[in-house]
Trainee: 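Dumping the structure here so I can ask a few things about it.
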Amino acid sequence: MQVICRGWLNANHVLFLHAGDNVLIDTGYCTHADETLRLLRQPSALGDAPLHRILNTHCHSDHMGGNARLQQVYGCRVLVPAAEAQHIQHWDGRALWLDVAGQRAESFEVDGLIAPGDELWLGGTRWQALAAPGHRMEALVFYCPAYRVLISGDALWANGLGVINIQQADALDAALATLDMIDALPIDWVIPGHGWPFNDAKAAIVRARQRLEATRRDPVKAAWAMLKALFIFNLLEHGSLSRDAAGQLLGRVDFYRELNQYYLQLSNDELAEKLLADLVRSGAIYFQQDHIFTNVMA
């Protein structure tokens with residue numbers, strides 16, 4: 001098993017090498033698919049060997065965005081969480097957080113489904129697929145009892161978890177229940193969807209719970225957190241945006257408009273001014289003349 005750590009536009013990849021069954025978990029963002037392919041072709045990874053299967057922890061654009069390109073190059077099978085199948089089949093941009101979040105992905109063929117409770121063989125070792133709703137209600141995590149390793153996707157990071165859609169009423173409780181489920185597992189190592197692998201799952205779960213409880217106490221603050229996370233993701237894709245283009249993005253993309261309407265009730269100009277000021281203050285973005293750049297790694 002090899003972990004290829006990326007940044008925040010591209011989810012980490014977990015690569016399993018086994019005779020006749022090389023498997024990749026999560027494939028990054030569509031605009032970086034060629035870089036994903038280059039990383040896989042490194043001698044320390046696949047090299048010239050084939051890729052047989054792709055598995056996704058969930059179907060957000062940073063996790064399944066390379067599926068189409070890798071499927072085209074390798075002719076590999078793609079397996080997704082069973083609950084994601086309807087979204088992929090109908091290419092539902094809202095359910096997949098694509099156009100409504102200002103994000104993109106290329107459609108791909110689904111060759112199989114993974115359901116909670118399924119047993120998987122990865123790298124010649126038995127893994128379990130476990131339901132992990134919250135950040136993504138359809139998500140799975142993959143757990144190896146023999147080696148006490150969890151591939152957590154965006155259900156748990158070292159310092160939190162993937163953003164919770166506060167417009168989805170049951171997402172917060174589901175994310176807390178997922179943390180309870182993970183807490184009950186004997187875990188020596190967690191391989192998250194973003195950030196470096198870590199070995200103190202208990203401490204990470206405490207931090208994630210604290211973040212979720214803060215979301216419950218202050219939904220307006222949570223709306224700001226979601227806005228910031230979505231904007232940084234959009235900025236990572238574009239590389240930079242002019243101040244005017246940023247304002248247009250905030251007024252055009254559904255999630256921004258909905259979060260503003262329900263929680264903030266600012267004019268579009270006020271929203272842009274406050275959002276950009278907060279991100280500059282935190283060090284997440286900076287200006288060069290009239291263009292916005294981010295310090296966050298893609």
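All values below come from the heavy atoms of this structure, side chains included, with hydrogens, waters and symmetry mates left out.
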Trainee: Measuring from Leu130:CG to Ile182:CD1, what's the distance to the nearest 0.5 Å?
Mentor: 8.5 Å
Trainee: Do Arg41 and Glu35 meet the salt-bridge criterion of a basic N to acidic O distance under 4.0 Å?
Mentor: no
Trainee: Sorted by first residue and then second, give each side-chain hydrogen bond (donor to acceptor under 3.5 Å, both in side chains) pair with at least one member in residues 218-231; sequence neighbours left out.
Mentor: none
Trainee: Holding to salt bridge (charged side-chain N to carboxylate O under 4.0 Å, His left out), I want the full list of residues that pass it with Asp290, two or more places apart in sequence or in another chain.
Mentor: Arg243
Trainee: When rounded to the nearest 0.5 angstrom, what is the spacing between CG in Asp92 and CG in Leu98?
Mentor: 9.0 Å
Trainee: For the backbone of Ser44 and the side chain of Gln2, can you confirm whether one donor and one acceptor N or O come within less than 3.5 Å of each other?
Mentor: yes
Trainee: Whether Lys274 and Asp278 form a salt bridge (side-chain N of Lys/Arg under 4.0 Å from carboxylate O of Asp/Glu) is what I want to check.
Mentor: yes
Trainee: Which value, rounded to the nearest 0.5 Å, describes the distance between Leu24 atom CG and Leu55 atom CG?
Mentor: 8.5 Å
Trainee: Do other residues, nucleotides or ligands put more than 12 heavy atoms under 6.0 Å from the CD atom of Glu273?
Mentor: no
Trainee: Do His13 and Ile25 make a side-chain contact, defined as non-hydrogen atoms from C-beta onward lying under 4.5 Å apart?
Mentor: no
Trainee: Between Thr215 and Glu213, is there a side-chain heavy-atom distance shorter than 4.5 Å?
Mentor: no
Trainee: What pairs with Asp99 under salt bridge (charged side-chain N to carboxylate O under 4.0 Å, His left out), at least two apart in sequence or on another chain?
Mentor: none
Trainee: With sequence neighbours excluded, tell me which residues meet side-chain hydrogen bond (donor to acceptor under 3.5 Å, both in side chains) with Asp173.
Mentor: Arg216
Trainee: Does Cys59 reach the side chain of Met64, with side-chain heavy atoms less than 4.5 Å apart?
Mentor: yes
Trainee: Is Arg104 paired with Glu237 through a side-chain N to carboxylate O contact shorter than 4.0 Å?
Mentor: yes
Trainee: Just how far is it from atom CG of Leu120 to atom CG of Leu122, taken to the nearest 0.5 Å?
Mentor: 5.5 Å
Trainee: Could you note down all residue pairs passing ring pair (Phe, Tyr, Trp, His ring centres under 6.0 Å) where residues 227-255 supplies at least one of them, sequence neighbours left out?
Mentor: Tyr29-Phe233, Trp97-Phe255
Trainee: Please determine whether ring pair (Phe, Tyr, Trp, His ring centres under 6.0 Å) holds for the pair Trp127 and Phe16, giving the CA-CA distance in whole Å, both sets of side-chain angles, and the decisive distance to 0.1 Å.
Mentor: CA-CA 12 Å; Trp127 291 71; Phe16 292 89; 5.4 Å; yes
Trainee: Determine whether more than 12 heavy atoms belonging to other residues, nucleotides or ligands lie under 6.0 Å from atom CZ of Phe287.
Mentor: yes
Trainee: Say you draw a straight line from CG of Leu96 to OG of Ser61; how long is it, rounded to the nearest 0.5 Å?
Mentor: 9.0 Å
Trainee: Could you list the residues that satisfy side-chain hydrogen bond (donor to acceptor under 3.5 Å, both in side chains) with Arg257, not counting sequence neighbours?
Mentor: Asp254
Trainee: Among side-chain atoms of His32 and Asn10, is any donor-acceptor pair under 3.5 angstrom?
Mentor: yes
Trainee: With respect to Phe142, which candidate in Val149, Ile151, Asp118 satisfies the side chain to side chain contact (heavy atoms under 4.5 Å, CB included) definition?
Mentor: Ile151
Trainee: Can you name the residues that form a side-chain hydrogen bond (donor to acceptor under 3.5 Å, both in side chains) with Ser152, not counting sequence neighbours?
Mentor: none
Trainee: Once ring pair (Phe, Tyr, Trp, His ring centres under 6.0 Å) is applied, do any residues pair with His58, and if so which ones, sequence neighbours excluded?
Mentor: His60, His63, His135
Trainee: Side-chain donor-acceptor contacts of residues 108-115 below 3.5 Å, not counting sequence neighbours, with atom names and distances?
Mentor:
from   : atom 1 : to    : atom 2 : distance (Å)
Asp111 : OD2    : Gln71 : NE2    : 3.2
Asp111 : OD2    : Val78 : N      : 2.8

Trainee: Thinking salt bridges, do Arg69 and Glu106 make one under a 4.0 Å N-O criterion?
Mentor: no
Trainee: Taking salt bridge (charged side-chain N to carboxylate O under 4.0 Å, His left out) as the definition, give me every residue that meets it alongside Arg252, ordered by chain and number, with sequence neighbours left out.
Mentor: none
Trainee: Are any non-hydrogen side-chain atoms of Leu51 and Ile54 less than 4.5 angstrom apart?
Mentor: yes
Trainee: Under 3.5 Å, is there a donor on one side chain and an acceptor on the other for Arg77 and His52?
Mentor: no
Trainee: Would you call Ile164 and Leu212 a side-chain contact if the rule is heavy atoms closer than 4.5 Å?
Mentor: yes
Trainee: Within the 4.5 Å heavy-atom criterion, are Leu15 and Val23 side-chain neighbours or not?
Mentor: no
Trainee: Does Ile292 belong to the same Ile/Leu/Val/Met/Phe/Trp/Tyr cluster as Met297, with side-chain heavy atoms less than 4.5 Å apart forming each link?
Mentor: no
Trainee: I'd like to know if Tyr256 and Ile285 are part of one continuous hydrophobic network [Ile/Leu/Val/Met/Phe/Trp/Tyr, side-chain heavy atoms within less than 4.5 Å].
Mentor: yes
Trainee: For the CG atom of Leu39 and the CD1 atom of Ile4, what is their distance to the nearest 0.5 Å?
Mentor: 5.5 Å
Trainee: Run the side-chain hydrogen bond (donor to acceptor under 3.5 Å, both in side chains) test against Asp188 and tell me which residues pass, sequence neighbours left out.
Mentor: Arg148
Trainee: A side-chain contact here means heavy atoms from C-beta on lying under 4.5 Å apart; do Leu161 and Asp154 qualify?
Mentor: no
Trainee: Compile the donor-acceptor pairs under 3.5 Å between side chains in residues 190-209 and protein atoms, sequence neighbours left out, one pair per line.
Mentor:
from   : atom 1 : to     : atom 2 : distance (Å)
His194 : ND1    : Gly7   : O      : 2.9
His194 : NE2    : Asp62  : OD2    : 2.9
Asp200 : OD1    : Ala203 : N      : 3.2
Lys202 : NZ     : Asp183 : O      : 2.8
Lys202 : NZ     : Asp183 : OD1    : 2.7
Arg207 : NE     : Ala158 : O      : 2.9
Arg207 : NE     : Asn159 : OD1    : 3.4
Arg207 : NH2    : Ala158 : O      : 2.9
Arg209 : NH2    : Asp180 : OD1    : 2.8
Arg209 : NH2    : Asp183 : OD2    : 3.4

Trainee: Any side-chain heavy atom of Arg126 within less than 4.5 Å of one from Cys144?
Mentor: no
